[in-house]
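Report on the structure given below.
Below, read A as the first sequence line, B as the second, and so on, with proteins coming before strands; counting in each chain starts at 1.
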Protein chains: 2
Amino acid sequence: MKSAVKLFAQKGFSCVSLGDVMKDAKLTHGAFYAHFDSKQTLYKEAVSAATEHSPLATILRKSEGAFSVDKLVSNYLCHDHVDQKFSPCPLAAFATDTSNQNGETKEAYTKVFTGLIDILESKTDGHINDRESALSLAALLIGGVVVSRALNDKETIDELLAACISKASKLVE
Amino acid sequence: MKSAVKLFAQKGFSCVSLGDVMKDAKLTHGAFYAHFDSKQTLYKEAVSAATEHSPLATILRKSEGAFSVDKLVSNYLCHDHVDQKFSPCPLAAFATDTSNQNGETKEAYTKVFTGLIDILESKTDGHINDRESALSLAALLIGGVVVSRALNDKETIDELLAACISKASKLVE
DNA sequence: GTCTATAGGATGATAGAC
DNA sequence: GTCTATCATCCTATAGAC
């Protein structure tokens, strides 16, 4: 599962074969079906499993009780996250692939998303007062990372990330 | 090319075969290579070609000179765009696939993105004064649509789109 | 330029031994 | 549960007739 999360996030559903996953897990592809029903099932479970080490989960683990929105924003909208130098947010990495998947995968994605929104509303240090702020902030963060990953020009990526960080506070005022 | 844009936007790069494209164009798959070098080349050109009928292009065509930001925001963050009832914005539809493509495709995507930012800065009715506003608004719009497409629950999609519309004005104040 | 036909390779999934 | 081996299918790309 660890291999699946990493590879799916990096290369997408279709560009990762079961052979790739099993190879990364130091097994042969024949052993796959002793663990999962199908590739789709694996992907669906990967969406949920990836939340374990997401940027938000990491911050939650480090903080006791409330955490700072600014900290989440700057940790989320950074080059290391765009380049997947650490375990990425599944909402950004799996969004488009999930659009093309079945209802069960979308359901898993929806649960992760509403989970994020609930945490933003309840666990932040008082800056996020309403659900509208939480929802729009999530869209800005995910959009910023998803677009950055598709861009070629480092300068434009710098500008985009900086602009999103700068303007994020306007959404939660 | 029209078939390619439609299918790639709906199902993604890997889930569309050249046979699918040619079938939609009422041709057989053997004729493909008389028009394009490879599937990757087709995709790269589709990213650029899709801008022709994007929501922004439609608004630009209808308006003379400056256009309203509010109009773009409400036309972009709507169910018909999420469901691709009309020709979608390539920046939202092709973002994640482009991340997994070669440099030429990313270059095409980057050109479309910077083109959008330039238009937001220059052609809007005075609400967008700086590049930071344009960049963050783009991320919010694209993020809102990309996430909505991955969600299963209509109520959550409604909430998300409404929240992004409501908060978009905060980014361009 | 379009067609049929096919090469050549990768992939999801299965079978059966250990 | 893991392995090797294989099936069946799909896909990109090419060849050659018209």
Is it the case that atom CD in Glu64(A) sees more than 12 heavy atoms from other parts of the structure closer than 6.0 Å? no
Could you tell me the separation between the CZ atom of Phe32(B) and the C1' atom of dT14(D), rounded to a whole number of Å? 13 Å
Heavy-atom count check: over 12 atoms from other residues, nucleotides or ligands less than 6.0 Å from Glu155(B) CD? no
Rounded to the nearest 0.5 Å, the CG atom of Asn102(B) sits from the CG atom of Asn152(A) at a distance of 9.5 Å
Angle between terminal axes - the helix from dG1(C)-dC18(D) to dC18(C)-dG1(D), 5 pairs each end, rounded to 10°: 0°
Within this structure, what is the NZ-to-C1' distance between Lys23(A) and dT2(D), rounded to whole angstrom? 18 Å
Protein-nucleic acid N or O pairs under 3.5 Å, nucleotides 9-12 of chain C:
unit_1	atom_1	unit_2	atom_2	d
dG12(C)	OP1	Lys39(A)	NZ	2.7
dG12(C)	OP2	Leu18(A)	N	2.9

Answer yes or no for Lys39(A) and Phe13(A): cation-pi contact, defined as NZ/CZ to six-membered ring centre under 6.0 Å and angle to ring axis within 45°. yes
Does the side chain of Ser99(A) come under 3.5 Å of the side chain of Thr96(A) through a donor N or O and an acceptor N or O? no
In whole angstrom, what separates Met22(B)'s CE from dT12(D)'s P? 12 Å
Rounded to whole angstrom units, what separation is found between the CZ atom of Phe36(A) and the C1' atom of dT2(D)? 15 Å
Validation row, ring centre Phe8(A) to ring centre Phe94(A) under 6.0 Å: no
First encountered from the 5' end of DNA chain C, between Lys26(B) and Gly30(A): Lys26(B)
Between Arg131(A) and Glu159(B), does any side-chain N to carboxylate O distance fall below 4.0 Å? yes
When you measure from the side chain of His29(A) to the backbone N and O of Leu18(A), does any donor-acceptor pair fall under 3.5 Å? no
Phosphate contact (dC3(C) OP1 or OP2) by Thr28(B) side-chain N/O below 4.0 Å: yes
